[in-house]
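These notes are about the structure you will find just below.
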Amino acid sequence: MHAFCNLFECLDRSSGTKARVAALAAYFSEAPAADAAWALQLLLGKRRRRLLTGRRLREVCLGAAGLPEWLFDACHAQVGDSAETIALLLPELNLPAQEPLDLPLHQWMAERLPALAALEGEAQAQAVLQIWASLPPPQVFVFNKLLSGGFRVGVSTGLVTRALAVVSELEEAELAHRLMGGFEPSAAAFTALLCPTAGSEAAPISRPYPFFLASPLEPERLQADDPAQWRAEWKWDGIRGQLIRRAGTTFLWSRGEELVNDSFPELVALGDALPDGTVLDGEVIVWPAAAERPLGFAALQRRLGRRSASRALREACPAAFVAYDLLEAGGRDQRLQPLAARLQALGQLSAAVQAGAADTIKGCLRLSAGLPLESWEALEPLRSQARQAGAEGLMLKRLDSPYLAGRKRGHWWKHKLEPMELDAVLLYAQAGSGRRANLFTDYTFGVWATAGLEPAAGSVDPEPAAGDSVRIEPSAAESRPRQLVTFAKAYSGLSDAEITALDRWIRRHTTERFGPVRAVEPLQVFTLGFEGIQRSSRHRSGVAVRFPRILRWRQDKPAAEADTLAAAEALLEDG
Amino acid sequence: MLPPGALIQHTPQGLYCPAADAWIDPWRPVPRALITHAHADHARPGSQVYWAVGSAAGVLRQRLGQGIDLRAVAYGQELRLGDATVSFHSAGHVLGSAQVRISAGGETWLISGDYKRDADPSCVPFEPVAADVLITEATFGLPVYRWRPGQEVAAEIAAWWKQAPERPSLLFCYAFGKAQRLLAELHQLGLNEEVLLHGAVQTLMAPYREQGIAMPPTRPASELPRSEPLAGRLVLAPPSAHRSVWMKRFKAPQTGFVSGWMAVRGARRRRGYERGFVLSDHADWNGLLTTVRQSQARQVYVTHGQGDVLARYLREVEGISAEPLSGGFAAERGMEGEDLDERQKPEGQEAPLEKAGEETPG
Ligand SMILES: [Zn+2]
Ligand SMILES: [Zn+2]
């Protein structure tokens, strides 16, 4: 574990890509395969089961420390993380010294941690305390993180893959492919992963291909090209998926490499109707068979939230697979074929399915149609129609492009609609976590609504974090009283300098506190951008926005001039 | 809040002692100011007469003007001001830092100013002082803050510097106090190679050298001929120089930041330095508790930072009557009582809402 903790510390502090890859490569080449396998699993951020809750760790710590609970909580508020708070408070516990413990990582992961979790009550508390006393402080932090399932390293899969490529002398794309669909943390799996000769026979039949990702459009790079060399499609507002039919079995993978077969039984049925050795890339979306355009993302979210889909839900929100690429046909990898050839084969395949399959299945397969694009001047007018088509923008793909792994610029571009914008007033703030613990970075915003619509009798909802609330405008100068209704939460979009300044402002203009949440004077206006807006009975404002984020801090704008709920409703997609 | 009629009063200018007719670290101009130390949030310009420890005079004049009316006193020397007896006692915070003890009418108050309990070769060690009432700082008033000896941290810094002979090592720290302490700690480790300095650090070297503090030779980085290589050199600079134009001169530097705030991972990561070294010129949790106990004060008031936490701990666990000195005090103080982590304005930019003051020490 010592070597792994050193790697973690090194990655945690060095920002340079080169140094990080070097540290990773050094670890992978030196660590025993069994440890390297677990380290890889952790670095890839594959969710580990939470063995013990942070609350339980806190309880064990408090039981031994004789610290008042409120003092622990004050520390936690400053540190922003239970595992680290405990590691920092450890000297307060005055634990009897223990023999230092340095077990290999795989032994911790496969044996010691699960064994700890299996213990109960006092026996468990004693075992945890004994381990705390036998580890140096940086390892206590990592140990707590591993135990509470919150271990994260800020390192991308791409970087890890690059380091593995250095160690193994394999191509990054090959490694990326081998890592798709999950990695089992065993010495054998790690050795096989880096094996120079491991062929496709060794691959599990479920393994998806690495997704090829589009980059935001750089229009100047298109000007020299003939539009005829490009294919335009809608950018659908669902989730990216890969539908695999191999050896008589169907697998539906999400872009997050989660197997979502259970959530979408109708798409599994579609997969069962595909010829063996077929892999489709496309969009999972809710789209009733007879409808002209798909339903909004909210409908899809209802399906994603469930482990299995009830009949009623499937009927209300029927899923479809909008195919836009063919990655494998007849058991052969098609990715190096030009896009035009892949699309042609995809068209034939779709036609065959539509001819042979049952009616219930036919509606589940759609092709993402090519859109006419005669000149680059036609691009913007085309994009502006995306919302009517139920899409979130345009995709541009070179017809001769291969299907690469990851984000490689130049072949595929995405051109999303400009976000919708509204000016809203900051109402509540809450401290962030991790890097932003200790700073108020999670904000809740409101827009103006005419008073009287709202059930609340004026004052502040005691639980703003959980839901929505209403605040009466402080100045009663208006003839008709207006009130601010919570409308959206947003986290990102401010610069570090702005976050710092706003944090200070929040501390000085707090009007009330509800646990970690502070109500502030409704004075600061921000322009929020969002991708979509829909009616929602769960929000008091009656609308829900998608991907809200802060575009600008409008220090020039008084709160009274922020937007109204009516302005938000005017943007409704069904309006 | 301070009770009405008490020896020390809370006024718009700051803490005021009517018996001595003097203010302690006033934040607005007053006729008579007793200054605990020369950090910008404690020593402000414009007062008629300043009283401070002699070894603080150099930095004070530099910062408040050569022409100020400054009355220098020695540590422990008793002054008669009005009806009060006033003395300054070492606070171990920076060169010339002091706690202020005031007695009148049979009662003694001690205003700690900023202080630390750890050994520091660049200033006189902290002197425990007994008082009836103690006003203490609590910048790091949480048990997660626990310092290791300065020599250990300095050895860590030296190792960090020495393992990168191919890169310049830029070490960011507060220009007054921390930088000179680091130099003195390095000297104690036997390191006497020349260290390069940012201009802001350079201006504070003379007062320390005049007091005979042993430090390695130093030179302003700006005076180094362009031809001379910077790889392997240690450079000290204030945090405001991080990511500034000044940094451009150093090719592929490794960067570190020295501050008590670096004890917490989130704070380390947010700052964007490669390394954080935990070294503070303020007392840690244990240092605060020890100081309160040794003062034997029957009443404690807490300023700076985690005032409410320390006060509650003193009341509920130690059984000492204690209260935070909050409200206008913390707000007037600038950012010290407020934001614990980002008192420094964001590097290179002015915060849009408030003019951040001069750097305040962490
Ligand atoms: Zn100070
Ligand atoms: Zn201070």
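So that the names make sense, note that chain A is the first sequence line, chain B the second, and so on, each numbered from 1.
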Under a 4.5 Å heavy-atom cut-off, does chain B meet the side chain of [X], its backbone, both or neither?
{"X": "A:P91", "answer": "both"}
{"X": "A:F72", "answer": "neither"}
{"X": "A:E84", "answer": "side chain"}

Contacting region of B:Q254 [heavy-atom separation from chain A under 4.5 Å]: neither
Worked check of salt bridge (charged side-chain N to carboxylate O under 4.0 Å, His left out) between A:D73 and A:R58: CA-CA 10 Å; A:D73 294 340; A:R58 172 180 178 274; 3.0 Å; yes
Parallel, tilted or perpendicular: ring planes of B:Y145 versus B:W147, cut at 30 and 60 degrees: tilted
Parallel, tilted or perpendicular, as decided by the 30° and 60° cut-offs, for the rings of B:W261 and B:F140: tilted
Residues A:D503, A:R507: salt bridge by 4.0 Å N-O rule: yes
